[in-house]
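Everything below concerns the one structure shown next.
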Amino acid sequence: MTELRQRAVREPDAPPEDKESESEIKVDGETASDSESRAEAVSLATSADDTPEVLNRALSNLSSRWKNWWVRGILTLAMIAFFFIIIYLGPMVLMIIVMCVQIKCFHEIITIGYNVYHSYDLPWFRTLSWYFLLCVNYFFYGETVTDYFFTLVQREEPLRILSKYHRFISFTLYLIGFCMFVLSLVKKHYRLQFYMFGWTHVTLLIVVTQSHLVIHNLFEGMIWFIVPISCVICNDIMAYMFGFFFGRTPLIKLSPKKTWEGFIGGFFATVVFGLLLSYVMSGYRCFVCPVEYNNDTNSFTVDCEPSDLFRLQEYNIPEVIQSVIGLTTIWMYPFQIHSIALSTFASLIGPFGGFFASGFKRAFKIKDFANTIPGHGGIMDRFDCQYLMATFVNVYIASFIRGPNPSKLIQQFLTLRPDQQLHIFNTLRSHLADKGMLTATTEDE
Amino acid sequence: MLELRHRGGCPGSGGAAAPPPREGEAAGGDHETESTSDKETDIDDRYGDLDSRTDSDIPEIPPSSDRTPEILKKALSGLSSRWKNWWIRGILTLTMISLFFLIIYMGSFMLMLLVLGIQVKCFHEIITIGYRVYRSYDLPWFRTLSWYFLLCVNYFFYGETVADYFATFVQREEQLQFLIRYHRFISFALYLAGFCMFVLSLVKKHYRLQFYMFAWTHVTLLITVTQSHLVIQNLFEGMIWFLVPISSVICNDITAYLFGFFFGRTPLIKLSPKKTWEGFIGGFFSTVVFGFIAAYMLSKYQYFVCPVEYRSDVNSFVTECEPSELFQLQSYSLPPFLKAVLRQETVSLYPFQIHSIALSTFASLIGPFGGFFASGFKRAFKIKDFANTIPGHGGIMDRFDCQYLMATFVHVYITSFIRGPNPSKVLQQLLVLQPEQQLNIYKTLKTHLIEKGILQPTLKAAMDTGKPDALRTLQQGLLKVTGWGTTAASVSHRLFQGSPKHQAGSQCVASPSGRPHTLISPREPARLGSSMQKAFKDGSNQSLNQTLTANISVSRSF
């Protein structure tokens, strides 16, 4: 019965006490014992309850069902409040938080791998996993830092060398890890070691690349970070509410608690929410401006002239809605149109990320990814729907909002050989001439 | 005993005379019949098999039939089986090498197709192994999804890399322009469709298998497809960047084997007991020498040395250019001890040969780790060879496992030490911008190129024809471009009608060899360059005016 109280995204099948689940999946890395991780869901040994004592006492009077509901509710509010505080603190703190979330997700998934393969004490493997995480993060952060902090990097000599040979250094570091892996292959454990190697790399692919795309979006403007994430969270909550009140037709066999009514209701509610939220946020410069590094003050600034996307414009309402609302035109930010696309993606495709995680948990017979958040499971449980959203937003921005950074292109151009520069220049000239952008007076041909 | 005949570099653990396993056959669809009945057995038992702690309880894949062609069998029927195998391997080796030469002769486009074909075959081989390991050949949708993901990722990479080279061709077609501009979005949408299909195809009893195959597919894509695209990018840099690394790896295989055969005594690594330190070190030195000589021989020909370009008028790939400094003989003075040995003061080398030492060193020292990785993989999954494609050698993957890391290394090496960003990439990004931004960039670039003396087409036209109105047009052009007002006219006048050495012909030619003649005093260009950048970045004419003032003051020095 408590299942009805769950948020529509996640899929516990067992009574809530078991969600504070197997002690083996505790994130402090206790050694797995063999059988529990593969036992049937219902027969999991109950383990320590992670709910803080304070909450336990306050809610001791209620029945277990309501208690769980309250625990989840309080934790939800706590997380949302925490989110607001971080936003207030600024982009640098946000970046650090994203980094921490990434590391925690990586740790959770790798720990599941240890449990599945009973490979916790494979030689070298823990070291190698963390080493690969470090390498890939170094590579991505180097690329990001080089792009956004170009002037800072050019000033400091060691940084300049690091950034010039960045790819080579990253590749060398990765190679060292690869060679260590080959040298660590032990006769009886080849298959396990290869499995863990594959597991680590797929996890890196999923977790680390997404987190760096999130940071890229963040640097584009905090609104590109906040609106998508809020849409996904809103879709979670709304789909659950609609499912709770109106749910009747099951959606997918993989998650039997999801319903079509919840899905569609969540879709419309999320679109409306996205429109309202982007309207509210587009008014503030601190959300809308790209994050830049100011040389003089040596800090991040979000101060700029808002682009066309964030200036109110007048749109004509189509006939059919005019009669309903009674207005002929409406003032909107163009960004709100984009937010409809983002919300649509969050509601229609985002849940597939949740289904993927549900399937993963069923495949490996675990309740939750970990036990970090009482009432909710691990960090990965909360972020599974965000998985695809970050990539989508990044691709969306690159395709529809802006192209590549023009000054960065100039920098790249200037590092080319003269004959290459000439070739590019000529191609550009003929391209512009084809388009009719070059008049006879600007061009002598 | 057969193992001794193996090439020292990269082969797997087993002998090739034993009939190779039938992974190659599996593609034809004759998977084990018990797989269907296994589905109904207890899931934990099956997973216990897959996830078992040690390798010992994993069943060995049964061997399959011999694929050696009948001709060879008849010709060699007289010899004993040991020599027969040796001859088969030898003949196939020579066949592969001649095929390689033939394709090189046919040109870069054929090479590109060859690389693509090899990539698809390697992917197929590894995926087939996955099917065998997990007995998942008839999982719903999975074969379709694996090939679909392969197609998606290839589409993405080809759009990013190869389409750059077809930029001129693409400009003519409207639909292709649309595809290029929204390329990332289209690729992402295609990938998403595959992802959603995967999620919808999850079937109750097979979750774990399906996730395993999903991960297996993605890791395979990561390994094979990205490497193959890096190979193609190296190829476009110049065929020598493709040939010398690959030949170095092959040479290292062969010479390490030979040294191991004749002098081998100390085992190298427990993973491959046939490898010896003597083979390793002997292979290293001979590969360096080989690379040095191969680089010397290939550097002479424009065909190998020039970047591959697509000419729209001829509608084909051409490799014609002025060889860069890397491929022009230079004199190096020898260190003293070599002087005594060779009795020469200096030696003429191509700078590329120095780079080839780095490439050969990597091929000999780190390349074998790719081979060890593949050996470990084969032992882990208890297979003799990746597949059965080449008689006597195993699958395509067996031949290319040492190349695995080489392609990435060469690509990283080129981007770090040889040249900067890919010019076609820069061009592609330029073409994607908004027209106003393109125009701004065009003006900035033009100014930069003129100031560096790399570009003076209008000046050349003006000088050659000697028409005064051309000069006036040029002045007006400068006015329009920079909006600088009358000061620009005076600047241009002064610049173009100054001292006689700036007259026609002497230095008004774009010089691709990279030694620009400058109109402006050579002391200044770098500073002007960066201030031009700043001017563009600020987007205001204020700094442009300041830059111009600096420009004028410099030009007054004439």
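Below, chains carry the letters A, B, ... as their sequence lines are ordered, and counting in each starts from 1. No experiment lies behind these values; they were computed from the predicted model shown.
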Nearest heavy-atom neighbours spanning [X] and [Y]:
X      : Y      : answer
B/S416 : A/Y165 : O-CE2, 3.6 Å
A/A363 : B/R208 : O-NE, 3.1 Å
A/G359 : B/L202 : CA-CD1, 4.3 Å
A/R167 : B/T415 : CD-OG1, 4.4 Å
A/L388 : B/F188 : O-CZ, 4.2 Å
B/H218 : A/L205 : CD2-CD2, 4.5 Å

Using the benzene-type ring in the case of Trp, are the ring centres of [X] and [Y] under 6.0 Å apart?
X      : Y      : value
B/Y413 : A/F171 : no
A/F425 : B/Y442 : yes
B/F381 : A/Y190 : no

Exercise for review: Give the member of B/Y182, B/W216, B/F195 that has the highest number of heavy-atom pairs under 4.5 Å with chain A.
Suggested key: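 Most heavy-atom pairs under 4.5 Å with chain A: B/F195.
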
Practice item. Measure up the B/F185 and A/F392 rings against each other and bin them: parallel (under 30°), tilted (30 to 60°), perpendicular (over 60°). Key: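 If you compare the ring of B/F185 with that of A/F392, the planes turn out tilted.
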
Between [X] and chain A, with a heavy-atom cut-off of 4.5 Å, which part of the residue counts as in contact: side chain, backbone, both or neither?
X      : result
B/F409 : both
B/F377 : both
B/T408 : both
B/L222 : side chain

Review point. Pick from A/G198, A/G353, A/C179: which one has the most heavy-atom pairs with chain B under 4.5 Å?
Key: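 So the answer, after comparing A/G198, A/G353, A/C179, is A/C179.
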
Point to revise | Any residue meeting side-chain contact (heavy atoms from CB on, under 4.5 Å) with A/S430, in chain and number order, not counting sequence neighbours | key: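 A/S430 satisfies side-chain contact (heavy atoms from CB on, under 4.5 Å) with no other residue.
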
Point to revise | With A/F181 via ring-ring contact (aromatic ring centres under 6.0 Å, His included) - residues at least two apart | key: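 Partners of A/F181 under the ring-ring contact (aromatic ring centres under 6.0 Å, His included) test: A/F194, A/F197, B/F373.
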
Review point. Should B/L200 and A/I252 count as side-chain neighbours, where that means a heavy-atom distance under 4.5 Å?
Key: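 Yes. Closest side-chain heavy atoms under 4.5 Å.
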
Exercise for review: Please state whether the side chain, the backbone, both or neither of A/T391 comes within less than 4.5 Å of a heavy atom of chain B.
Suggested key: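 A/T391 touches chain B through backbone and side-chain heavy atoms alike.
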
Point to revise | Pair B/F369-A/L175, side chain to side chain contact (heavy atoms under 4.5 Å, CB included): steps then yes or no | key: CA-CA 10 Å; B/F369 278 90; A/L175 264 190; over 6 Å; no

